[in-house]
Structures are given as C-alpha cells and as structure tokens.
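Report on the structure given below.
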Amino acid sequence: MRQQIAAANWKMNLDYKQAKTLLDTILAQQIMLEAHRKVVFAVPFPYLRMARKKTKEMVNYEVSAQNCYQKKSGAFTGEVSVEMIHSSGARYVIIGHSERREYFHESDQVLAEKINLALEHRLTPIFCCGEALSIRESGKQDAYVAEQLANSLFHLTPDAMQKIVIAYEPIWAIGTGKTATAAQAQEMHAGLRSVLARQFGQPVADLIPILYGGSVKGSNAKELFSQPDVDGGLVGGASLIAEDFTAIIHALK
Ligand code: PEP
C-alpha cells in the first residue's frame, strides 16, 4: 500500500515550551503506526532537534523542516541549508508552500533547485501545489497545478520522483475554514496522479503519496482520507490542537 501520511505544519506558531508540550501531549497517546503510515511534524527550525529527540523512539514518527535554502552553503545570512536540516535529524522538508510562493516570491525554478538539493541530502521533499480561488473560478485549476508540477519536478528521473511526497493545497482552502469537498479533492488528486503517470509511468505515479491540505480537521479528515487518491493530509491550524491532530492521525487509511 502507498504511504499514508499525517503531516503537521506548525508554521510560525508556538514558543519553545508550548511546542514541547504539544509534542508531548500527542506522543503520549502512543498511537502505533503500521508500516504504511507516517506522522511528520513540520516544526520551526529552532525546534527541529528537540522534536527529533522526542520522536526518535517512536516508529514512523518523523520531523520535517518547513523550508530550506536553494544553495548548499555559504554567505546567505539567516538562511538554513538542507545539510543543517538533515544533521538535526529531520528527514523531510516542505518545499513550495503557497505562503512561501506568495510572501517570499519563490519561483518554480527556485523550487526545482530546492528539490534537487533536498534529494541530494537524503531529505524527502513534501512538494506543495495548488491554485488560488480566481483560477478555480475560471475552471483552469487542472492545467495550473499540472504546470506547477512540470516546472519544478519534471526534470527528475522516475527513480528520484519516487522519493517525493506531493501536497495538493488549494489556496482558497488554506486557513479559511473552507475545505474542498472529498469529491473535489479526489478529482484533483486523481488528475495529478495521471499527470505524474504520463511523465514518469504508472508504477511510479502509483507509489507517490498525494496529501490534501486546506482546513483539514479532526471532524473532516476521515471523509477526505477515505478517497482512493488522498493519501493523508498536510495540516496547518488543526495540527496545533492535540485532540484534533490525534483524530487526524487515527483517520489515516
Ligand atoms: C497549510 O498551511 O498547509 C494548511 C493546510 O493550513 P490549514 O490546515 O490551516 O488550512
């Protein structure tokens, strides 16, 4: 079975003590994860090491950075490299979140560079894509999202592509309380999978987890995740509430 992933994106929230308490509360539930299930905590950079120390003893619990820089090392004051992230014990990195694309003007080309560096340093990229409301209203979401994939991922070999996790996150559903319906999510995910199949072959496309993101909560996760092409979620707001995120973990297929 394809990997099913509940990924928490804490964004720029929680102080150090609050972060430790949240992790402790979730991990205290001792939710056992079968081999095809994973929980990933995408925490702020200063908390990567602490989060790894706390999750280390638990099987299939991993830590992720929320971003990385597109150069290996050097005079880039304030930036964080993939090597630093890997050496902290994290094994995932979110690349191309819509907030990075919008507020930090990260282009598809820059994201492709980040993908390459992450893979070279044995980090699994969680590559985000998704359309704004105006694009959905004009009915062009399929082509728009396919182009995001093409521009940042189609240079990869099928072998490299198998190491990527995709997160489809319609921007109109992020932090708005508006969730795509399970049918809308399934339709987009199936479409993305066929785009991947055309480029990399069906067997590769069948292996790639495609997560849904956009106001996933404890109350709607089960319905979303039950769709055949929805392989879990990338969760913002609800991942900061232990009870909600625990329910989301339980909702994984
Ligand atoms: C996100 O930021 O990736 C996200 C999906 O946020 P939220 O769950 O709050 O909509």
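No experiment lies behind these values; they were computed from the predicted model shown. The figures here come from the full heavy-atom set of this structure, side chains too, leaving out hydrogens, waters and symmetry mates. Order of listing sets the numbers, starting from 1, for every ligand and every atom in it.
No N or O atom of Thr176 sits closer than 3.5 Å to an N or O atom of ligand 1. In terms of N/O distances under 3.5 Å, ligand 1 is not approached by Ala238. Checked by distance only, ligand 1 and Gly237 come closer than 3.5 Å through their nitrogen or oxygen atoms. Checking only distances, Val235 never comes within under 3.5 Å of ligand 1, N or O to N or O.
Each of the atoms 7 (P), 8 (O), 10 (O) of ligand 1 lies under 4.0 Å from some heavy atom of Ser215. Atoms of ligand 1 lying under 4.0 Å from any heavy atom of Gly214, numbered from 1 in the order shown and given with element: 5 (C), 10 (O). Atoms of ligand 1 lying under 4.0 Å from at least one heavy atom of Gly175, given by number and element, are 7 (P), 9 (O), 10 (O). Within ligand 1, the atoms closer than 4.0 Å to a non-hydrogen atom of Ala173 are 10 (O), numbered from 1 in the order shown.
The aromatic rings of Phe41 and Tyr61 sit parallel, their planes meeting at an angle under 30°, below the 60° perpendicular limit.
Using a cut-off of 4.0 Å between Lys/Arg side-chain N and Asp/Glu carboxylate O, Asp229 and Arg193 are scored as salt-bridged. Salt-bridge formation is detected for the pair Arg136/Glu131: a Lys NZ or Arg NE/NH1/NH2 atom is positioned less than 4.0 Å from an Asp or Glu carboxylate oxygen.
Protein heavy atom in closest approach to atom 4 (C) of ligand 1: Gly236 N, 3.6 Å. If you check which protein heavy atom lies closest to atom 1 (C) of ligand 1, you get His97 NE2, 3.2 Å.
Evaluated by nearest non-hydrogen atom to atom 5 (C) of ligand 1, the leading choice among Glu169, Lys11, Lys217, Glu99 is Glu169.
For the side-chain contact (heavy atoms from CB on, under 4.5 Å) with Val63, the qualifying choice from Val40, Val39, Val43, Ile85 is Val43, the only one to do so.
Looking at Cys128 and Leu234, their side chains come closer than 4.5 Å, going by heavy atoms from C-beta outward.
Around the CE atom of Met1, the shell of radius 6.0 Å holds more than 12 heavy atoms that belong to other residues, nucleotides or ligands.
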Using the rule given for side chain to side chain donor-acceptor pair (under 3.5 Å), can you reason through Asp231 versus His189, listing the C-alpha separation, both sets of side-chain angles and the distance that settles it, and then say yes or no? CA-CA 9 Å; Asp231 305 312; His189 285 222; 5.7 Å; no
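When heavy-atom distances to ligand 1 are checked against a 4.0 Å cut-off, Ile174 comes that close through both its backbone and its side chain.
Between Phe154 and Phe200, the distance separating the two ring centers is shorter than 6.0 angstrom.
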